[in-house]
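In this text the structure is predicted, and so the values were computed from the model without any measurement. By convention here, the first residue in the shown sequence is residue 1.
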Amino acid sequence: MSVAPSRRPGDLDQAETIERFIRVDHAGEFGATRIYAGQLAVLGRGRHGDTLRHMLEQEQVHRKTFEDLIRKRRARPTALLPVWNVAGFALGVATALLGERAAMACTVAVEEAIDEHYSAQAAALGETEPELKDTIEKFRAEELEHRDIGLANEAELTPGYRVLYGAIKQGCKAAIWASERV
Ligand SMILES: [Fe+2]
Ligand SMILES: [Fe+2]
């Protein structure tokens, strides 16, 4: 998706592109808060409780920032929020029930998908929208921190790690695809 000035018929115009970016980013951050909330419901009193709360707090800031941008830019939020509300929480609970390592494997997969997504957005923005780009880059750095927390807490030692990681990452990419459009 390019926001370069030369456009072909059928390309989204700049305003539509930015609205799409904000819609999908809001959806992703909303989903992230629900995933960590689900994990905390299971593991909140365990040894990773504080780590999970730390990540949830950062996701809440990300989510609030995009909520504010949706209002400011009069963008339409995705119609799929009720789905991500339930699916995010369920993913968090399910991975936490599989164990602490599986919860961390979920974090690695989700945060990597978001990292790639934010990288692509930042590249597409180029020099347009410097403020939005700064926000995206700042959040991306924190998502990478979350991924590193997952790796440091033995995500990769989860039984069936590659399968779990692959499934969750693909699920995130599908959610991103849908949230850009619906
Ligand atoms: Fe986030
Ligand atoms: Fe994150």
Side-chain angles (χ1 to χ4, degrees), residues 1 20-44 46-63 65-66 78 80-124 135-182:
M1 195 185 322
R20 238 186 200 216
F21 279 14
I22 292 169
R23 177 181 311 127
V24 65
D25 294 353
H26 171 251
E29 299 297 355
F30 176 85
T33 63
R34 297 300 293 150
I35 293 170
Y36 287 116
Q39 293 189 341
L40 272 164
V42 179
L43 298 174
R47 64 192 178 112
H48 291 322
D50 286 341
T51 303
L52 293 170
R53 270 182 290 275
H54 164 71
M55 294 194 284
L56 174 60
E57 277 165 23
Q58 286 181 318
E59 302 301 358
Q60 281 164 342
V61 174
H62 299 176
R63 172 178 167 177
T65 302
F66 282 109
T78 174
L80 295 170
L81 285 183
V83 178
W84 305 148
N85 186 27
V86 175
F89 193 81
L91 177 64
V93 168
T95 51
L97 286 173
L98 287 173
E100 290 172 340
R101 286 169 171 166
M104 292 294 167
C106 173
T107 291
V108 173
V110 169
E111 302 292 4
E112 262 187 34
I114 301 181
D115 164 48
E116 287 168 22
H117 166 72
Y118 277 157
S119 292
Q121 276 195 352
T135 300
I136 289 169
E137 289 290 12
K138 177 171 178 278
F139 291 176
R140 187 169 84 86
E142 291 179 352
E143 314 304 6
L144 286 173
E145 231 180 80
H146 298 168
R147 180 208 53 193
D148 290 345
I149 287 171
L151 292 171
N153 285 292
E154 304 183 333
E156 292 159 303
L157 298 180
T158 314
Y161 173 73
R162 293 312 306 179
V163 174
L164 186 66
Y165 165 91
I168 294 172
K169 196 165 175 187
Q170 281 313 309
C172 287
K173 286 178 182 281
I176 288 169
W177 185 90
S179 298
E180 282 174 338
R181 288 162 179 81
V182 182

Does a side-chain N-to-carboxylate-O contact under 4.0 Å join Lys169 and Glu112? yes

Using side-chain heavy atoms (C-beta onward) and a distance below 4.5 Å, is Ile149 in contact with Thr107? no

Taking side chain as C-beta onward, heavy atoms only, is Glu100 less than 4.5 Å from Leu43? yes

For His48, enumerate each residue passing the side chain to side chain donor-acceptor pair (under 3.5 Å) test, keeping only those at least two apart in sequence or located in another chain. none

Residues passing the side chain to side chain donor-acceptor pair (under 3.5 Å) test with Asp115, sequence neighbours excluded, are Arg140

Heavy-atom check, side chain of Cys106 versus side chain of Tyr165, under 4.5 Å: no

Evaluate the side-chain proximity of Glu180 to His117: yes if any heavy-atom separation is below 4.5 Å, no if none is. yes

With the threshold set at 4.0 Å, does a side-chain nitrogen-carboxylate oxygen contact exist between Glu142 and Arg147? no

Are Ile114 and Glu111 packed together at the side-chain level, in the sense that at least one heavy-atom pair is separated by less than 4.5 angstrom? yes

Checking salt bridge (Lys or Arg N to Asp or Glu O under 4.0 Å) for the pair Arg162/Glu156: CA distance, chi angles, key distance, verdict? CA-CA 8 Å; Arg162 293 312 306 179; Glu156 292 159 303; 5.5 Å; no

Side-chain touch Glu154/Met104, heavy atoms, less than 4.5 angstrom: no

Under a 3.5 Å cutoff, is there a donor and acceptor pairing between the side chains of Glu57 and His54? no

Nearest 0.5 Å, what's the CD-CG distance between Gln39 and Leu52? 5.5 Å

Decide side chain to side chain contact (heavy atoms under 4.5 Å, CB included) for Asp25 and Tyr118; before the verdict, give the C-alpha distance in whole Å, the side-chain angles of both, and the deciding distance to 0.1 Å. CA-CA 8 Å; Asp25 294 353; Tyr118 277 157; 3.5 Å; yes

Listed by chain and number, what are the ring pair (Phe, Tyr, Trp, His ring centres under 6.0 Å) partners of Phe66, not counting sequence neighbours? Phe139

4.5 Å side-chain heavy-atom contact, Glu145 and Met55: no

Take His62 and Thr33 through the side chain to side chain contact (heavy atoms under 4.5 Å, CB included) test and state the conclusion after the steps. CA-CA 9 Å; His62 299 176; Thr33 63; over 6 Å; no

Is there side-chain contact between Thr135 and Thr65, with at least one heavy-atom pair below 4.5 Å? yes

Arg23 and Thr78 side chains, donor-acceptor separation under 3.5 Å: no

